[in-house]
Amino acid sequence: MDLRPVEWTENEEELIRRAREGDPGAFDRIVQDHLSTIWRIVWRILRHREDTEDVVQEVFFAAYQALAGFRGECRLTTWLHRIAVTRSLNHLKSRGEKIRRASRPLEVATELSFETPDGAAARTPLVALEAKELASKLAQCLEMLPALWRSAVALRDGEEMSYEEMADVLGVPLGTVRSRLARARLALRDCIRGAGV
Amino acid sequence: MTQDDHKHLHELISAMADGTLTPEEAAQAQIHLKDCADCRQLLHDIRRIATAVGEEGVPPVPGYLAGRIREHLITGGAFESRSLSPAIPFWKSPFPLAAAATLLLVSVIWLAWPGGSHVSPPPPAQGEPQTELGKDTMGERDSAKPEAPPPAARPSESVPMAPKTAQEKAQAPVPELEGHSGSLQPRVPSRLAAGDEGSRRNEAPAPSKEEAYLDRVTSSGLTGEDYKKAKGRERQDAPAAKDESALAPAASSAGSVSTVGEIRSLVYEGPDYSATFVED
């Protein structure tokens, strides 16, 4: 189920070719086209705004430097997502980051300043309250989830990627994607139920 | 039902929530769900959590981030450093191979040259005077002091004072560089030297001053004493003309001679008869 397909267009090929030839404008266009998606993926894994800014910058810097090695065997989107996930997980692996995350307050994703999908406001107050409480508990549980499992949930439930895309982005077989996703969901469910939701 | 069976069923239920089961897997899961309330609840919870994760708000992209990315690329040197051609390992690029081959060739020639690493200078051009510095070698160039030129060839003696005006500079003789030694060694122009030698070889020998004097006395029809007296009177009448007439032959024969050395070679250096006779 691929709900957000990104076509491999001639325009994208042209952009890649021009960016490879050193045209900064072409790479600016690539950044413009993919920034919001990369931002969401990185934020869903890191769940911290400032860290997300830093990592997103790293992602595009690394992508520009590695563009010469991009052979077009996958879509540019998949390639960028792979860089984003890898950079995010590497960021979490650093020891200093582990210490910092343990001492910082949780960033709740239900603040009013955050984007909300269409239709969320149409619920009844009781459902909306329940959803808000669930979202709060979900944020805490996602924060405690192992990074590999959290990235699987982020790609599937957050970005609605297909299992095949996830396998490409995470660099693992399809079976691993399915089992990792099942474990992450079971852990999330246990965490939320333990929190009383 | 074993632990592995449960694990397998959980994966099936998770995939069922995503709608990614094969028909066979879907049939197997449906059979189990009919008899298992926990698994039905699990399927319900997974769908609910997935929806919640999808509806989770994400902070908007900061408006300045695209500019920061571009700035990061510029300050990081990514935009300046290259055109992004496909990367080629340096050992596969032609430049190092060509450089190594050139270095090897130069080394072989250097070592195979007669006299080891000393390089003999090219033979001097025909007619070009060979100086001691012309025999200098590359290996000795830095350490060997140039030998002092012979006194007659010193610039201070053979080269006139440095011209001060532009016109003087244009007319002044330009000392030529000897070989590649870098020293200022004025050399005799080959044209003048050859012409001088040629004129001395090809023309009949000029009569001596004594012979010319005897000829003039004989042709005048006077005795020697009378001839001297007559010439003495003429000299007293026009003393200034003597110097000009004496210098005239040298100046005219000098022609385009331009150096003091050249003039000196053309000036008569024999006995001075100017006190005893006056040339016509």
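So you know, we letter chains A, B, ... as the sequences are listed, proteins then strands, and number each from 1. Here the structure is a predicted model, which means the values were calculated and not measured. Just the heavy atoms: all of them, side chains too, but no hydrogens, waters or symmetry mates, feed the values below.
Between atom CG of residue Leu73(B) and atom CG of residue Asp28(A) there is a gap of 8.0 Å, rounded to the nearest 0.5 Å. The distance from atom CG of Asp18(B) to atom CZ of Arg185(A), rounded to the nearest 0.5 Å, is 4.0 Å. Between atom CZ of residue Arg70(B) and atom CD of residue Gln32(A) there is a gap of 12.0 Å, rounded to the nearest 0.5 Å. Here the CZ-CD distance, from Arg193(A) to Gln41(B), works out to 6.0 Å after rounding to the nearest 0.5 Å. Atom CZ of Arg40(A) sits about 12.5 Å away from atom CD of Glu56(B), to the nearest 0.5 Å. Remark: Ile69(B) CD1 to Phe60(A) CZ distance equals 5.0 Å, nearest 0.5 Å.
Only the side chain of Arg183(A) comes within contact range of chain B, judged by heavy atoms closer than 4.5 Å. For Val31(A), the part lying under 4.5 angstrom from a heavy atom of chain B is the side chain only. Contact annotation for Leu42(B): both backbone and side-chain heavy atoms come within less than 4.5 Å of a heavy atom of chain A. When heavy atoms are compared at a cutoff of 4.5 Å, Leu181(A) approaches chain B by way of both its backbone and its side chain. Interface remark: Leu188(A) contributes backbone and side-chain atoms alike to the contact with chain B (heavy atom separation under 4.5 Å).
At distances below 3.5 Å, not a single donor-acceptor pair connects side-chain atoms of Arg49(A) with backbone N or O atoms of Pro59(B). With hydrogens and angles disregarded, a donor-acceptor distance shorter than 3.5 Å links the side chain of Arg44(A) to the backbone of Val53(B).
Side-chain contact between Glu53(A) and Tyr64(B) is present, with heavy atoms from C-beta onward closer than 4.5 Å. Put simply, the side chain of Trp39(A) reaches to within 4.5 Å of the side chain of Pro62(B), judged on heavy atoms.
Closest approach of Val61(B) to Ser36(A), counting heavy atoms only: CG2-CA, 3.8 Å. The two residues Leu134(A) and Ala52(B) come nearest to each other via the heavy atoms CD2-CB, 3.7 Å. In terms of heavy-atom proximity, Arg189(A) sits nearest to Asp45(B) at NE-OD2, 2.7 Å.
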Derivation and outcome, side chain to side chain contact (heavy atoms under 4.5 Å, CB included), residues Leu186(A) and Glu11(B): CA-CA 10 Å; Leu186(A) 280 172; Glu11(B) 285 186 17; over 6 Å; no

